[in-house]
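A short write-up of the structure that comes next.
Start at 1 and go down the list; that is how both ligands and their atoms are numbered.
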Amino acid sequence: MNVFVFAIDGASPDLVNGWISRGHLSHIAKVKGKGLSGHLESTFPPLTGPAWSSFQTGVNPGKHRVYNWLDLSGSYEGRVVNRSSIKVKTVWNALSANGCKVGLLSLPMTYPPEEVNGFIVPGFLTPEKAPDQSYPARLTKELTKAQPGFQYGVNQYFGGSARSWVQDIKETVSARGQAARFLIKQELSESFSNDNEDVIFLVHFLASDSVQHYLWDRVTDDWDPRLDVFNSIDEQIGSIMELAPSDSVFLIVSDHGFGPVERIFNVNNWLRKEGYLKLKRGVGTSVKRGLSGIGFNQHKLAPMGEKVYGMAKQLGFLSGNLMNDTTHPLLKKSFLSTNDVDWENTIAYSRCDIGHVRLNLAGREQKGILGSRHSSQIRDEIIQKLEQVTLPGSDVRMADWGKPKENIFEGPYLQHAPDILFNPLNQKTLGFGGVMFVSNKQFVSPFRPGNHRRDGLIMACGPAIKQGTVNASILDVGPTLLNLFSTPVPVQMDGKILREIAPEQPSYTETNDFYIPHQPTKERAGSREKLEGLGYL
Ligand SMILES: [Zn+2]
């Protein structure tokens, strides 16, 4: 059995199917036409880190412990997560143990690479110059020698010519495709010719996510930058498929979909107004509060252009996505940030780019004050109030619902989950909680025109796969891959085997080493800057 997985970050079924029906994306269309296609529901909220973690483990975040790009246990700053933050065994581990050859290229949340029967070249948070940039370590050198243009991530958009940035990220797509072909030929082709050997190869494309974040609103009659990037990904998929043995199974998956963003709901400003988040009373904080109130804040100053954004980036916010690296110490002192929060009197806060609220729980948070006796009452109160928030100038509610964590997640690491989750109406509002307060307003205009939707896509074709529709959860992909390779599925997995793709009679295993005990991991140098660069922190 040979399986090829094409992971296209942020590919939406509606956009991709629309392009296919207009004659674009011929290779993706071939997979769709020959086999199954449908919707792949992402994690809630649909964040890249947790979603790819669930993809490669088959479990919900309550079991793998990755809820966000940041692990906030014991630190309000948070530590950027990586593969070591995933607290269950991956499907790559199980497949390797069963003798399957595994080859992964650029999948997020695979750094530091684990030992597999094959190779892993990790995804975009791989630190530069780390000694463990690939497994086996020799591959880093071999790959960069053979493909000097190979990059672990994609360059961010600094404003200016959208066309030249799109050209640049398309070059990373084609370098990624070349790297895939190099690795397949060097590391896997021998196994293809051995009928007794199973092989799985996966390649991930990130440029699809970046272009939709930054250029969602730049579509004109002449040019759709999103399609431009998807066309280049399609071309690479086609050329990789040419290397595949004729009886291969092809899977195309995304971690979430995409859509427009109309406004940001600034969760921390709302919590402040409701009295759950308190600022320090010192002179410095008071001055910043006053300045923020009269409009001297990041959001109002943003139109001043590149310089201000540069300063904002220096402040650890706004990500450098629109500017150069100029800085100004005065501004650094002038904006309200988590440094100004009076944690000893704060009950709740948010540190996530889509819809989380965390209670300041004693014993879990760095300076937690809330005991377990009062926490559920306060939590219910916050949920109720969140559900009453209306969009500016209307009586339309901001969120469809708010829910306590146990309604969304389940597992041994539930304690570390954000305590409240809410779903903004039509997902056109972004529930955002950053290090900075950005402005004194509850609603502000978005920093970037596009953001994630829960609706991802799945397509599959192969000798035993019939034509039709399949709708699934991202948690189902892991157990399905295991069953495709006749590997028993651990009973702890939440996802189900998609029998339309993996028709073999399922077998299950009760392993008692499925969970990996949690030990705090160190943040790798450079990963925070990369996430900020992509506008995630
Ligand atoms: Zn993503």
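- Side chain of S106 to main chain of G123: no donor-acceptor pair is present (N/O by atom type, distance under 3.5 Å, no hydrogens or angles).
- A donor-acceptor pair under 3.5 Å links the side-chain atoms of N117 to the main chain of C100, judged by distance alone.
- Our summary of the site lists the angle at the Zn ion (ligand 1) between OG1 of T48 and NE2 of H256 as 100°, to the nearest 10 degrees.
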Verdict with reasoning, E114 to T90, per side chain to side chain donor-acceptor pair (under 3.5 Å):
CA-CA 9 Å; E114 61 182 307; T90 62; 2.7 Å; yes
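- Residue Q415 qualifies as enclosed at atom CD: its count of foreign heavy atoms under 6.0 Å is above 12.
- With 2.8 Å as the limit, H452 does not count as an N, O or S neighbour of the Zn ion (ligand 1).
- If you look at D9 and ask which of its N, O or S atoms sits nearest the Zn ion (ligand 1), the answer is OD1.
- Distance check for S254 against the Zn ion (ligand 1): none of its N/O/S atoms falls below 2.8 Å.
- The minimum distance between the Zn ion (ligand 1) and any N, O or S atom of D255 involves atom OD2.
- With 2.8 Å as the limit, D209 does not count as an N, O or S neighbour of the Zn ion (ligand 1).
- E500 contributes no side-chain N or O that, together with a main-chain N or O of V470, makes up a donor-acceptor pair within less than 3.5 Å.
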